[in-house]
Amino acid sequence: METISVIVPCYNEEESIPHFYEETRKELLKIEHTNYEFIFVNDGSSDQTIHEIKLLTLQDPCCHYLSFSRNFGKESAMFAGLQRASGDYCVIMDADLQHPPTLLKDMYHVLKYENYDCAAGKRMDRTGEGGMRNFLSKQFYKVISALTKMDMSDGSGDFRMMRRVVVDAILEMKEYNRYMKGIFSFVGFDTKWLEFHNVERVAGQTKWSLKSLFAYAFEGILSFSTKPLLLAGIVGMLLFALSTILGLSIVVRLCLQESISASFYLLTALVFLSSLQMIFVSILGQYISKDYLENKKRPIYIIKESDNA
Ligand code: UDP
Ligand code: MG
């Protein structure tokens, strides 16, 4: 029998976890000829999350957990969970029931009978979210898609069921600066999108502040695009063109025996030198960018305890 692994990053989700488990297990049992396993990843919660998870592992041998030594972020939790999962299919789900478990059966059928490698949830709306956050998120996805030329559309989150082969590919990406949406897009494979409506979280609060969303946005752009570094090069080229025009005007005015002020010479020289600087900064940036991602060989997470220690 095939196994479906459900990976659940949890950060201060003590209230959501029991609901999540009940609802999700109910749906998993409806999927014929499969076993399930839950991998809860406690991402350094400061509430009773780990207690709730341990209760589940006591009552259901198909529940497993990892617990981080501190909060490493959802990206690290997802990576750790995928590493631990042993299923033929893996699905990543938020603990707050914002990812409807009713979709699991459809996802499984897409992978099993429709020859896709990946069945991904696509949130159709942002009901219940603030207008400002909604607007900024939309703009961000436009910018990042243009900069990276990868499909990272708004609404395509981390809720997706994948075949083992996709999971193995994702695990091969061992970079420290992890941006899962980019990684999904980078590894490729055939993906079918299944639409769902946004629902409010079952309990607790969102872990995202506007500040952390901005940080996440920058992470996404820096991890998957080096285009911002080209900006220096473009500005450098423009300054170079300007200095050429200024230089030519000096030559023409000298030929016409017009007088030229010392400050005009100075300005031309300054623009010229700045343009060279900008161009070389941009070239340097391109070299550094190649090394940038891979050089930070810090551990992606540190496990404090897990149930198979
Ligand atoms: N999460 C996590 N570590 C973090 C932040 C969030 O593991 O540092 C988990 C959280 O417990 C939830 C999921 O990631 O299961 C999504 O978080 P949240 O619901 O706060 O995000 P939102 O749905 O508001 O985008
Ligand atoms: Mg949520």
Side-chain angles (χ1 to χ4, degrees), residues 5-24 38-53 56 63-85 90-101 103 120-138 140-141 152-160 176-181 184 196-217 219-220 300-304 306:
S5 301
V6 181
I7 291 112
V8 199
C10 306
Y11 179 50
N12 294 346
E13 299 284 6
E14 59 180 5
E15 291 171 79
S16 315
I17 285 170
H19 301 287
F20 170 83
Y21 170 75
E22 283 306 325
E23 292 295 315
T24 309
F38 282 93
I39 313 284
F40 291 96
V41 185
N42 175 33
D43 183 13
S45 302
S46 52
D47 65 358
Q48 292 302 309
T49 292
I50 188 63
H51 176 70
E52 293 295 333
I53 294 174
L56 291 178
C63 288
H64 306 283
Y65 75 91
L66 306 169
S67 190
F68 288 176
S69 57
R70 64 167 169 85
N71 179 244
F72 278 82
K74 188 184 175 188
E75 295 287 330
S76 306
M78 289 190 286
F79 186 80
L82 286 174
Q83 266 190 333
R84 173 67 198 277
C90 292
V91 56
I92 302 172
M93 295 179 82
D94 286 359
D96 56 10
L97 282 176
Q98 284 194 301
H99 294 159
L103 219 59
K122 192 174 177 78
R123 193 183 47 200
M124 292 314 292
D125 48 70
R126 287 176 166 268
T127 322
E129 282 183 19
M132 185 66 172
R133 179 173 162 176
N134 196 339
F135 173 77
L136 287 175
S137 298
K138 283 208 175 109
F140 164 65
Y141 285 110
M152 288 193 246
S153 52
D154 187 18
S156 67
D158 307 313
F159 179 33
R160 59 182 70 212
Y176 177 75
N177 292 290
R178 299 189 75 78
Y179 181 72
M180 206 55 141
K181 284 193 181 103
F184 289 138
F196 68 95
H197 288 288
N198 199 27
V199 284
E200 304 224 359
R201 56 161 44 239
V202 64
Q205 280 170 355
T206 177
K207 310 302 175 305
W208 295 97
S209 61
L210 212 55
K211 189 174 148 220
S212 63
L213 279 174
F214 268 114
Y216 186 62
E219 183 64 62
I300 290 163
Y301 60 88
I302 301 166
I303 301 260
K304 192 167 80 173
S306 85

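We count ligands from 1, going down the list as the structure has it; atoms in each ligand are counted the same way.
- Residue Asp94: no N/O/S atom is found under 2.8 Å from the Mg ion (ligand 2).
- For Asp96, the N, O or S atom with the smallest separation from the Mg ion (ligand 2) is OD2.
- Side-chain atoms of Asn42 come within 3.5 Å of backbone atoms of Ser45 as a donor-acceptor pair (strictly under, hydrogens ignored).
- At a 4.0 Å heavy-atom cut-off, ligand 1 touches Asp94 through backbone and side chain alike.
- When each atom of ligand 1 is checked for a heavy atom of Ala95 under 4.0 Å away, the hits are 15 (O).
- At a heavy-atom distance under 4.0 Å, no atom of Val41 approaches ligand 1.
- For Asp43 and Arg70, the salt-bridge test fails: no basic side-chain N is under 4.0 Å from an acidic carboxylate O.
- Ligand 1 places these atoms under 4.0 Å from at least one heavy atom of Asp43: 2 (C), 3 (N), 4 (C), 7 (O), 8 (O).
- Contacts of Glu13 with ligand 1, taken as heavy-atom pairs under 4.0 Å, involve the side chain alone.
- Relative to the six-membered ring of Phe196, Arg123 misses at least one condition, a distance below 6.0 Å or an angle of at most 45° to the axis.
- For Cys10, every heavy-atom contact with ligand 1 shorter than 4.0 Å involves the backbone, none the side chain.
- Residues Glu14 and His51 form no side-chain contact, since every pair of their non-hydrogen atoms from C-beta on lies 4.5 Å or further apart.
- Within the listing of ligand 1, atoms 19 (O), 23 (O) sit less than 4.0 angstrom from a heavy atom of Asp96.
- A heavy-atom distance below 4.5 Å is not found between the side chains of Asp47 and Glu13.
- Here's the thing with Ala77: none of its N/O atoms is less than 3.5 angstrom from an N/O atom of ligand 1.
- No side-chain heavy atom of Val91 sits under 4.5 Å from any side-chain heavy atom of Ser5.
- In this structure the side chain of Val41 never reaches within 4.5 angstrom of the side chain of Phe79, judged on heavy atoms.
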